[in-house]
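Below is one structure, written out as structure tokens, with a few remarks after it.
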Amino acid sequence: LRSPDWPENQHPTPVVDGRACSTNSLDPGIAKFFRALNRPAVDAVQLTLRDRTKRQKPTVCLSFSHFVPQSALFEGLGGVHFLGHCMGDASLVDDIRAVNARTHVFGHSHLNVDVIIDDVRYTQ
């Protein structure tokens with residue numbers, strides 16, 4: 001196994017292993033990089049769901065992420081407002097919808113969360 005390559009950034013800073021990283025943790029390339037890692041799994045789940053639907057087999061899908069998929073899950077539930085924009089990636093919601101997840105388990109914010117938004121139960 002090899003570590004995935006990090007996205008290229010305009011202002012790299014060397015890190016311990018000699019590779020470069022962004023000095024800006026809000027660089028959109030970072031979220032794009034992690035979503036690209038998710039893509040094969042999302043595609044595989046979509047194929048499985050289509051196959052099970054054709055055979056009329058009920059399917060329940062749960063999704064997981066380290067990062068917070070909606071700022072409302074952090075800012076609106078006890079998080080500090082000015083940190084909401086760096087706690088996650090709102091585009092994760094697209095993946096959650098793509099696999100028709102009814103429950104999404106996430107981390108990163110260390111808040112107790114159990115809320116339903118748009119028919120999806122978000123819990124941490």
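Computed over heavy atoms, backbone and side chain alike; hydrogens, waters and symmetry mates excluded.
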Handout entry: Residues that, via side-chain heavy atoms closer than 4.5 angstrom, fall in one hydrophobic cluster with F64
Key = L62, V105

Problem - Exercise: identify the closest heavy-atom pair between H104 and P69 - result: CD2-CG, 3.7 Å

Practice task
Would you indicate whether the side-chain heavy atoms of F34 and L92 approach each other to under 4.5 Å?
Solution key: no

Handout entry: Sequence neighbours excluded - salt bridge (charged side-chain N to carboxylate O under 4.0 Å, His left out) pairs with any residue from residues 59-73
Key = none

Problem - Apart from V99 itself, residues in the same hydrophobic cluster as defined by side-chain heavy atoms under 4.5 Å - result: V42, V45, L49

Exercise for the section: Taking the side chain as every heavy atom from C-beta outward, state whether D118 and R97 have any pair of such atoms under 4.5 Å apart. Expected result: yes

Exercise for the section: Considering only NZ, NE, NH1 and NH2 on the basic side and carboxylate oxygens on the acidic side, decide whether R121 and D114 come within less than 4.0 Å. Expected result: yes

Exercise for the section: Please identify each residue that fulfils side-chain contact (heavy atoms from CB on, under 4.5 Å) with R52, with sequence neighbours left out. Expected result: T48, R55, K57, T59

Exercise for the section: Answer whether the closest heavy-atom distance between the side chains of S63 and I96 falls below 4.5 Å. Expected result: yes

Practice task
For the pair Q70 (side chain) and V93 (backbone), establish whether a donor and an acceptor sit closer than 3.5 Å, ignoring hydrogens and angles.
Solution key: no

Practice task
Measure the shortest side-chain to side-chain distance between V68 and V113 over non-hydrogen atoms and say whether it is less than 4.5 angstrom.
Solution key: no

Fill in the blank from the handout: For Y122 and F106 the tightest heavy-atom approach is CB-CE2, 3.9 Å

Completion exercise
With sequence neighbours left out, the residues meeting salt bridge (Lys or Arg N to Asp or Glu O under 4.0 Å) with D89 are none

Exercise for the section: Mind jotting down which residue pairs meet the salt bridge (charged side-chain N to carboxylate O under 4.0 Å, His left out) criterion with at least one end in residues 33-42? Sequence neighbours excluded, please. Expected result: R35-D95, R39-D43, R39-D95

